[in-house]
Q: 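Right, I'll just put the structure down here and ask away after.
Note that the coordinates shown come from a computational prediction; the quantities given were computed from them, not determined experimentally. Start at 1 and go down the list; that is how both ligands and their atoms are numbered. Here, residue 1 is the first one in the sequence, and each next residue gets the next number.
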Amino acid sequence: MIYLDNAATTRPCEEAVKAAMAALTEDFGNPSSRHFAGTQAEKILTDARDTIAKALGAEEKCIFFTSGATESNNWAIRGAAENRIKRKPKVVTTTVEHPSVKEAVKALEKLGAEIVWVSPDENGEITAESIVNAVDDKTCLVSCMLVNNETGYVLPVAESFAAIKRRYPDCITHCDAVQGFMKLPIKVNALCADLISVSGHKVYAPKGVGALYIKKGVNITTFMQGGGQEGGKRSGTENIPAIAGFAAAVKKLSGSIDQRYENACALRDTLYNSIADDIVINSKAGALPYICSIAMVGYKSETLLNFMSERGICVSSGSACSKGRKSSVLKAFGIPDNVADSTLRVSFSCDTTPQEVEQFAKALEQARALASTGNKRK
Ligand code: PMP
């Protein structure tokens with residue numbers, strides 16, 4: 001298998017699997033239990049919180065484990081807006097967010113919120129100015145992703161949030177940092193974010209675990225009521241195996257962000273140098289090098305994806321979450337329909353090799369050759 005769909009999910013690393021297995025088979029206690037088995041599980045939880053906190057430059061007590069970034073995003077958005085929209089009814093976000101942000105924001109309309117959508121300009125750029133200008137003293141929340149999951153576009157979150165906080169200190173700032181976490185050096189203070197969502201399975205950890213950073217002193221409503229776990233903010237017995245795996249994976253990645261970034265740049269360059277000149281590159285200069293959006297215009301994404309899949313190559317059309325539905329995100333970035341229809345997303349891991357990337361580029365040409373012989377026979 002050549003797996004080039006790492007923006008959808010990653011293969012858990014050995015360290016994550018080992019930590020998760022140990023928590024499944026040995027340290028399986030409930031961290032709320034007061035006997036030694038519970039204490040052992042609680043220690044795993046405490047250590048894991050410490051690891052995720054360090055990776056974000058945050059205090060441990062600001063990290064809350066969730067079932068993944070979909071939950072983190074939903075919690076952040078609803079939790080921040082619910083009690084604030086009566087006084088400040090505006091919520092600002094962008095048209096290129098992940099569905100777990102877009103849908104959560106849309107649901108606020110039923111509670112009386114007015115949503116202000118910031119779109120990329122005619123050059124496909126979202127400027128800090130456009131985000132800041134959308135905010136006013138009636139805005140309770142601004143939610144902006146760090147890296148777009150379909151194109152790798154990096155949004156000016158730190159710059160926007162810093163300016164927003166200077167002008168409107170009460171406005172809550174939320175960042176879906178899923179695609180940037182452990183790939184860019186994200187520190188809570190530098191990002192000026194009150195709330196940050198991250199996910200485990202994008203960083204070589206098991207699925208079904210994520211975290212929400214909540215800045216000290218920032219109040220958001222409780223999403224999950226129950227036994228009072230996670231400081232009373234997110235009830236439910238903690239998923240210790242996945243949390244242990246999450247922490248092990250993050251620990252392994254810590255300290256190598258720059259090195260891995262350089263490797264990803266080399267893989268991106270290999271890809272762009274190996275594909276034919278007529279292939280459109282949707283990802284912009286400055287995009288996160290781990291995510292490359294390309295299009296062989298005239299050849300449907302789904303056909304290409306299936307062709308690749310039959311040959312053991314996994315890539316994605318748009319994002320995995322859109323499941324074949326037309327991507328509104330590519331449209332928002334100004335990518336014409338015929339290019340969007342032919343788009344493939346190629347995304348790298350820290351284990352991807354240049355040879356794998358070259359094989360993908362070769363397979364793309366084989367798909368073209370096969371289609372053209374097919375056409376000639378007609
Ligand atoms: N936000 C972004 C930018 C994503 O790419 C994803 C995963 N596709 C999510 C949120 C949702 O994360 P999870 O799968 O952990 O719910």
Side-chain angles (χ1 to χ4, degrees), residues 3-12 16 20 52 56 63-79 93-107 120 126 143-155 157 174-184 186 191 193 195-213 223-224 234 236 238-239 241-243 245-247 249-250 283 287-288 290-293 314-325 327-330 332-333 343 345-349:
Y3 187 78
L4 298 172
D5 198 14
N6 293 281
T9 197
T10 52
R11 180 201 292 268
I52 307 302
L56 286 169
I63 303 297
F64 297 86
F65 287 110
T66 63
S67 64
T70 296
E71 181 187 328
S72 300
N73 285 341
N74 273 270
W75 182 18
I77 289 163
R78 194 193 303 173
T93 191
T94 80
T95 51
V96 302
E97 300 296 319
H98 186 266
S100 55
V101 166
K102 271 192 189 163
E103 296 305 317
V105 164
K106 280 188 205 160
I126 295 186
S143 179
C144 182
M145 74 194 327
L146 185 60
V147 175
N148 180 261
N149 50 305
E150 295 193 39
T151 63
Y153 186 78
V154 182
L155 288 89
V157 176
H174 166 245
C175 178
D176 171 352
V178 168
Q179 296 289 350
F181 183 50
M182 302 315 289
K183 297 186 175 77
L184 293 171
I186 302 170
L191 209 56
L195 306 165
I196 300 174
S197 304
V198 294
S199 178
H201 73 110
K202 313 285 182 178
V203 295
Y204 318 99
K207 290 155 192 63
V209 63
L212 180 65
Y213 159 80
F223 196 47
M224 300 278 250
R234 197 279 186 185
E238 299 87 344
N239 183 355
I243 291 171
F246 188 15
V250 167
S283 298
L288 191 79
Y290 291 86
I291 300 179
C292 301
S293 175
C314 301
V315 290
S316 164
S317 62
S319 78
C321 302
S322 55
K323 283 222 167 109
R325 269 184 273 140
S327 165
S328 64
V329 168
L330 294 178
F333 275 118
T343 288
R345 180 186 66 181
V346 181
S347 48
F348 308 129
S349 78

Q: For the residue pair F181 and F246, does the interplanar ring angle fall in the parallel (under 30°), tilted (30 to 60°) or perpendicular (over 60°) class?
A: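 It falls in the perpendicular class, over 60°.
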
Q: With no hydrogens and no angle check, is any side-chain donor or acceptor of S347 less than 3.5 Å from a backbone partner on N6?
A: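 Side chain of S347 to backbone of N6: a pair is present.
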
Q: Return a yes/no value for G68: is any of its N or O atoms, backbone included, closer than 3.5 angstrom to an N or O of ligand 1?
A: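 In this structure, G68 places no N or O atom under 3.5 Å from an N or O of ligand 1.
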
Q: Decide whether an N or O pair under 3.5 Å exists between T70 and ligand 1.
A: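 So ligand 1 has an N or O lying under 3.5 Å from an N or O of T70.
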
Q: With heavy atoms of M145 as the reference, note each atom of ligand 1 found under 4.0 Å away.
A: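 In order of number, 3 (C).
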
Q: As an exercise, identify every atom of ligand 1 less than 4.0 angstrom from a heavy atom of S199.
A: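 Those atoms are 13 (P), 15 (O).
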
Q: Under 4.0 Å, heavy-atom basis, I'd like to know which part of E71 is in contact with ligand 1: side chain, backbone, both or neither.
A: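 Answer for E71: neither.
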
Q: Report yes or no: does K202 have a heavy atom closer than 4.0 Å to ligand 1?
A: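 The answer is yes: ligand 1 sits under 4.0 Å from a heavy atom of K202.
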
Q: Work out whether the distance between some heavy atom of K207 and some atom of ligand 1 is less than 4.0 Å.
A: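 No, K207 has no heavy atom closer than 4.0 Å to ligand 1.
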
Q: Run the side-chain contact (heavy atoms from CB on, under 4.5 Å) test on V147 and L184 for me, step by step, so that the C-alpha distance in whole Å, both residues' side-chain angles and the decisive distance to 0.1 Å come before the verdict.
A: CA-CA 10 Å; V147 175; L184 293 171; 3.8 Å; yes

Q: Any nitrogen or oxygen of S100, side chain or backbone, less than 3.5 Å from one on ligand 1?
A: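 Between S100 and ligand 1, no N or O pair is found under 3.5 Å apart.
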
Q: I need the atoms of ligand 1 closer than 4.0 Å to a non-hydrogen atom of D176, numbered in the order shown.
A: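 Checking each atom against D176, I get 1 (N), 2 (C), 3 (C), 10 (C).
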
Q: Can you tell me which portion of V101 lies within the under-4.0 Å heavy-atom range of ligand 1? Options are side chain, backbone, both, or neither.
A: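 Neither part.
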
Q: Ignoring hydrogens and geometry beyond distance, is a side-chain donor-acceptor pair present between K207 and S199 at under 3.5 Å?
A: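 Side chains of K207 and S199: no pair found under 3.5 Å.
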
Q: With heavy atoms of H201 as the reference, note each atom of ligand 1 found under 4.0 Å away.
A: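 Going through ligand 1 atom by atom, the ones under 4.0 Å from H201 are 13 (P), 14 (O), 15 (O).
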
Q: Would you mind running through ligand 1 and noting each atom that sits below 4.0 Å from a heavy atom of A69?
A: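 Ligand 1 atoms under the 4.0 Å threshold to A69: 10 (C), 11 (C), 12 (O), 13 (P), 15 (O), 16 (O).
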
